[in-house]
Amino acid sequence: MSSHAFDEGGLQYCPFMPVFGAPQVMFERGSGTELWDSSGKRYLDFLCGIAVTSLGHSNPVVAKAIAEQATTLLHVSNFFANPVATRAAVQLVSMLEAATGEQGQVFFCNSGAEANEAALKLARKFGGRGRHGVISAYGSFHGRTLAALAATGQPAKHEPFQPMPDGFRHVPFNDLAALEAAIDPTIAAVLLEPVQGEGGVVPADPDYLRAVRALCDERGLLLMIDEVQTGFARTGEWFGFQHAGVVPDVVTLAKAMGNGFPVGAVWAKRSVAGVFQPGDHGSTYSGTAIATAAVSAVIDEMHRIDAPRLARERGAELSAALRALPHVTEVRGAGLLLAMELDGVDAKTVYLAALERGLVTNAVNATALRLAPPLTVSSAEIAEAVAILRSVLEEVAS
Ligand SMILES: *Cc1c(COP(=O)(O)O)cnc(C)c1O
């Protein structure tokens, strides 16, 4: 996309801070799995704004809930209650209780990073002075705010912003011995993704997660699971930790929770949530009516369509089709959060060629393409996307 995209208001330079790469396409409109760019060209969206629009673009149920809330009540602050946030919170604690068997409490925020910030503060308050450390994994991604960045196990992302906040330690993912060796009396919690999304769609070994749970119990540490990318049915269960049958103490959520409306949440078991006292944490927008209207609509609609079943069924279909493609050496992930590992072809090249042919994906690293279509994707759309990928892979490799 050339710079003239910004010329409309007479501006001769890009008005955005240069933190993102140059965008390739200007999208104007979306419906279900489909997107249209400013020239009217149609695309299939197999990325969903990074696993966000799981119910498809312009989902009518979510759109109606947001529109009706916009003309009823947007926001009142946390000096007061509002029925919309209350309903969404009850729905959320019910879902987590069904998944964990634990009663819990939620705090609403506005993003995944904020959800993790709240979890990290909860861990510090839980641990007490001198026991504020958090262990997370290399390859992890927990957000861009300073503490969430410190928890993120990607040293290159820390470098320009050193010194990082104190108390963060990283260990190789899926390596129990390394985790055990990193525990000392300063550690309060372990923070892990059930599938490392930004790290290349790398699932946690279920045995590893179970062993980490046992270790946390033994050492009195919190097990905090970052479900920002995996939560809300994306992996074929409501939450990614359910694949391993572990019960976390703290769960962070965002992305698909608002289907594109910015919102996040942290959930904790009541005994853990109760370490927060009034004044310990907050946000102007926590539980704002407009965002929680979107959350309730997403939860209602995902239950109505049985979103985990759709993720499992369409995910099995998509992964089987991807495995049959040329130059694909591995398909990994769960449900509809998948990556295909490419042999001898550059993922960025494949991404660009697919985009040119009307398929939105993501080169999650140099050798793997990430796919996260809406959970409402049809079999016909999967076939269409796979045909595009086949043509691209045949051509790029020749
Ligand atoms: C996207 C993501 C985050 C950060 O969420 P933001 O809404 O971008 O702040 C945190 N954790 C995981 C696992 C993510 O995928």
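Note that ligands are numbered from 1 as they come in the structure, with each ligand's atoms numbered from 1 the same way.
Between Arg370 and Leu47, the shortest heavy-atom contact is NE-CD1, 4.3 Å. Of all non-hydrogen atoms in Val377 and Arg314, the two that sit nearest each other are O-CD, 3.3 Å.
Looking at Asn362 and Tyr351, their side chains never bring a donor and an acceptor atom within 3.5 Å of each other. Side chains of Gln103 and Arg270: a donor on one and an acceptor on the other come within 3.5 Å.
By the salt bridge (Lys or Arg N to Asp or Glu O under 4.0 Å) test, Asp306 is found to be paired with Arg309, residues two or more places apart in sequence or in another chain being considered.
For ligand 1, the protein residues within 4.0 angstrom (heavy atoms only) are Ser111, Gly112, Ala113, Asn116, Phe141, His142, Gly143, Glu193, Asp226, Val228, Gln229, Lys255.
Atom CD of Glu330 has more than 12 heavy atoms from other residues, nucleotides or ligands within 6.0 Å.
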